[in-house]
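This report concerns only the one structure given below.
What you are looking at is a predicted structure, and each value in this text was computed from that prediction instead of being measured.
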Amino acid sequence: MKKILPNLSATILAAFGLLTLFLSTSVIFDLFGIRAKEGNYVLFVVWSNFISSILYLFAAYGFVKVKNWTTILLGISTLILIVAFIGLKIHANSGGIYETKTIGAMIFRIAVTLVFAIIAFFTINKQLNKNHNE
């Protein structure tokens, strides 16, 4: 029972990471016509999503193996996404073209990543502290 949350988190995070990896690489390398479907994408946002997708996959592994660096990876990913979001706002305010859906998608991605970081912090640290005290 105590491994359900970390394993469920790992599964969801891995799926989210693989989806993000597929979509971001498809835009970056213009695969499967996804770049055209994305419209006015902002390349540095796509790259931040790509980097985060790699971090998500490593963090999913960290959940399964109960590694304390899982929280750090998700924290770094959150920071990367926040910096990209600030960059997006600057880009938009200076007249750069972008899709309005990107703002909502970035807020969602930041929130999801932050939730996984919090879950990792509380589940992994609690489990490591318990194992250390035994």
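No continuous path of hydrophobic side-chain contacts links Val83 to Ile80 [ILVMFWY only; heavy atoms under 4.5 Å]. Cluster membership for Leu5 and Phe122, using ILVMFWY side-chain heavy atoms within less than 4.5 angstrom, is not shared. There is no path of hydrophobic side-chain contacts, each under 4.5 Å, that joins Leu19 to Val112. Residues Phe85 and Ile51 do not share a hydrophobic cluster, defined by chaining ILVMFWY side chains whose heavy atoms lie under 4.5 Å apart. Under a hydrophobic clustering in which Ile, Leu, Val, Met, Phe, Trp and Tyr are joined whenever their side-chain heavy atoms come within less than 4.5 Å, directly or via other members, Leu55 and Leu79 fall into different clusters.
Shortest non-hydrogen contact noted between Ser24 and Ser53 is OG-OG, 4.4 Å. Here the closest heavy-atom approach between residue Asn49 and residue Met106 is recorded as OD1-SD, 4.1 Å. The heavy-atom pair separating Leu81 from Thr113 by the smallest distance is CD1-OG1, 3.5 Å. Nearest heavy-atom pair across Ile124 and Gly62 is CD1-O, 4.0 Å. Shown here for Phe116 and Ile12, the closest heavy-atom pair between the two residues is CZ-CG2, 3.5 Å. The minimum heavy-atom distance linking Ala59 with Leu73 is given by the pair N-CD1, 3.9 Å.
A side-chain donor from one of Ser77 and Ser52 sits under 3.5 Å from a side-chain acceptor of the other.
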Legend entry - Verdict with reasoning, Leu114 to Ile118, per side-chain contact (heavy atoms from CB on, under 4.5 Å): CA-CA 6 Å; Leu114 187 58; Ile118 291 167; 4.2 Å; yes

Inset, instruction - Would you please test Lys89 and Ile103 for side-chain contact (heavy atoms from CB on, under 4.5 Å) and show each step? - result: CA-CA 8 Å; Lys89 292 299 284 179; Ile103 302 279; 4.0 Å; yes

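In this structure, the side chains of Glu38 and Val46 stay at 4.5 Å or more apart for every pair of heavy atoms. Side-chain contact between Leu21 and Ile54 is present, with at least one heavy-atom pair separated by less than 4.5 Å.
Counting only residues at least two apart or in different chains, ring pair (Phe, Tyr, Trp, His ring centres under 6.0 Å) contacts with residues 54-79 comprise Phe16-Tyr56.
Within a 6.0 Å radius of CZ in Phe44, other residues, nucleotides and ligands contribute more than 12 heavy atoms. For NZ of Lys101, the number of neighbouring non-hydrogen atoms (other residues, nucleotides, ligands) closer than 6.0 Å is greater than 12.
Here the side chain of Glu99 pairs a donor or acceptor atom with the backbone of Asn40 at under 3.5 angstrom. Using a distance-only test at 3.5 Å, with no hydrogens or angles considered, a donor-acceptor pair links the side chain of His91 to the main chain of Ile97. Judged by distance alone, with hydrogens and angles left aside, the side-chain atoms of Arg35 form no donor-acceptor pair with the main-chain N or O of Ser26 at under 3.5 Å.
Going from atom CD1 of Ile107 over to atom OG1 of Thr102 covers 11.0 Å, rounded to the nearest 0.5 Å. Expressed to the nearest 0.5 Å, how far CD1 of Ile119 lies from CG of Leu13 amounts to 9.5 Å. Interatomic distance, CD1 of Ile34 versus OH of Tyr41, reported as 12.5 Å (0.5 Å rounding).
Ring-centre distance between Phe50 and Phe22: not below the 6.0 Å cut-off.
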